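We name chains A, B, ... by the order of the sequence lines, and we start the count at 1 in each one. Here the structure is a predicted model, which is why all the values come from computation and not from measurement.
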Amino acid sequence: MLATADGAYRLRRMGGNPFHDPDLDPLVGQEIVCEGTLHGGTVLMASWTPIGESRER
Amino acid sequence: MASIPVDKVIVTNVEKLKHKYGAQWKKIQTAIGVLIKADKKRGLNTLLVDLSSASDMKACKGKPVPATSAGDPRANKDAVDAVFETHWPAYLMLLGAIDVIPHQDLKNPVYDPGGDDDKTAWSDLPYACDAAYSPNARNFLVPTRVVGRLPDVNAGSDPSYVVDLLKTAASYRQRPVADYGPYLGISAEVWKDSTDLSLRAVFGNASSMKVAPPDGPNWTPAEWGALSHFINCHGAPADWKFYGQHGNSYPVAHDAKLVPSHLPEGTVLAAECCYGAELYDPAPVGGQIGMCNTYLASGAYAYFGSSTIAYGPSDTNDWADLICQYFLQHLRSGSSAGRACLEARVQYIKRAHTLSPTDLKTLAQFSLMGDPAVTPVVSPVTPAHVMAVGKRAKAPQAARSSMGQAGRFLRRETLRAAAKAARQTVYVASLRKGEDSPRAKALGVEAKLRAAARELGIEDGVMMSFPVDGPALPKSAMKYARAIALPAPTTIHVLAKRLDVPAETAKLKLVRGLEATEFDGSLELRHFVSR
């Protein structure tokens with residue numbers, strides 16, 4: 001889940017498994033900046049960057 | 001009232017289609033013309049009604065829906081009602097995805113931000129009902145119209161997709177029911193007992209059931225060759241894949257990218273999966289259309305599925321299991337796809353003594369995608385021989401046509417009467433979440449329910465209580481019920497929770513719950529999990 005000032009959203013990597021996506025596991029507990037589309041309560045992420053790191057997908 | 005009987009009405013929003021496709025709209029217009037001609041050969045008088053046209057809507061004493069209002073559920077419901085009441089068609093086809101004619105915005109009775117977070121149970125059910133626009137699913141429990149939606153691609157710009165679907169509808173052919181015996185039946189491993197029952201109910205056996213994991217998503221040509229598909233797996237919003245489950249593993253079971261570009265002509269599918277028929281805009285997910293759009297593009301005749309989170313039990317049959325079974329059973333008995341959808345809805349209502357909040361969501365969320373007039377299976381009833389006599393003797397074709405129309409009209413009226421009767425004898429949960437009644441507290445309902453839930457691994461779920469309205473039973477029945485002090489349902493309690501899952505599966509959107517119908521001192525329990 002992504003906690004934001006507007007509420008909580010589920011995160012999903014575009015094309016990723018919505019139920020279990022190991023690629024997103026490292027993000028648990030991190031603050032991130034992401035780009036994507038909001039679909040209902042889910043953020044479909046095209047890219048993301050943990051704040052303080054320069055990793056981008 | 002139209003002077004020439006209309007058997008089938010195609011409603012769409014031409015202004016919106018022109019916005020989407022520009023001058024290429026003419027390709028769609030041509031394909032609609034081909035379908036209308038093909039319908040004519042089958043004895044159906046089909047009419048295109050443009051909801052955005054002032055003249056078309058004036059003829060129906062309705063208000064046009066401009067492209068700027070194409071997404072307005074109330075405007076579209078009012079317009080479709082006006083069209084239906086004018087032409088009283090045997091078949092009503094919505095042409096376009098939800099950006100052309102929207103789903104109706106029924107409130108999800110079991111909405112819970114921490115559990116079932118669908119605020120809306122998007123639905124085509126209200127288009128099948130005479131009741132006026134409302135966001136309350138309770139108002140749409142007398143479905144009487146045969147309705148289906150032939151979608152284009154949501155936010156699409158290439159008309160070839162929907163042109164191909166119109167061609168499929170125009171060129172469809174019927175087959176004997178035996179051709180629909182072989183099936184591709186896919187189940188999440190954790191629900192294989194439930195799916196076994198469903199497949200036996202529809203096909204008489206479960207011997208071909210595929211269980212994921214380990215099966216899927218690469219099916220063999222022979223498996224793809226089955227004309228009937230029944231899928232009981234997980235689904236997710238804006239996703240083109242369905243998922244199996246074993247423990248906390250959710251491997252892909254069925255993938256729209258792997259659907260052959262040409263399925264066997266006449267394939268039909270019922271999918272229990274959450275969001276299994278969601279018509280999402282594919283652009284934000286890299287352009288991949290969903291399972292529903294994909295099947296129809298590959299030549300499927302009918303796709304029956306859910307717009308949102310759907311429910312069923314793990315090892316028995318209820319909710320999504322039942323409505324999907326009913327759809328395929330009626331389709332296999334020779335009903336048109338639209339009539340099979342209507343019969344499934346009516347049967348779902350008829351089989352219940354009380355419609356719970358999750359029942360209301362089930363009824364709302366499942367819709368038919370496909371031309372409702374397409375009748376894949378040859379009816380086992382031998383067509384009656386028509387003998388034209390008297391004035392009709394010189395025009396036997398016209399005699400056959402008018403008798404066909406009369407037959408359809410009478411069959412629809414029979415179903416209409418059955419739907420009204422079903423509604424009159426069923427208790428229904430109120431959409432308003434009532435305060436737990438004092439009597440429920442005295443009986444310790446919540447404590448009992450939480451204890452039962454704990455045994456199923458549901459800890460600290462959110463409890464919602466819904467008052468139940470009783471039907472106006474005949475006096476004689478009421479007298480009998482009072483004489484023997486029959487208990488009646490008074491309240492339905494739903495205890496639901498997003499499943500606790502390990503951190504590595506925190507993206508899960510799975511809900512598990514217990515639903516209890518409270519009678520006088522007793523609780524009737526139903527255990528559900530999201531599909």
request  = Mind telling me whether B/H234 and A/F19 have parallel, tilted or perpendicular rings, with 30° and 60° as the class edges?
outcome  = tilted
ask   = Are any of the side-chain heavy atoms of A/H20 and B/P251 separated by less than 4.5 Å?
value = no
ask   = To the nearest 0.5 Å, what is the distance between CE (A/M14) and CG (B/D239)?
value = 12.0 Å
task = Taking all heavy atoms of B/P237 and all of A/H39, pick out the closest pair and write down the distance.
result = CB-CD2, 3.7 Å
ask   = Judged by atom type as modelled, is there a donor-acceptor pair below 3.5 Å linking the side chain of B/K241 to the main-chain atoms of A/P18?
value = no
key: OH on B/Y243 to CG on A/N17, rounded to 0.5 Å   = 4.5 Å
key: Nearest non-hydrogen partners of A/R12 and B/A236, listed with the distance   = NH1-CB, 3.9 Å
Summary of side chain to side chain donor-acceptor pair (under 3.5 Å) pairs that have at least one residue in residues 279-292 of chain B, sequence neighbours excluded = none
A/R10 vs B/D117, side-chain contact (heavy atoms from CB on, under 4.5 Å): CA-CA, chis, key distance, verdict = CA-CA 11 Å; A/R10 276 180 301 283; B/D117 60 359; 2.8 Å; yes
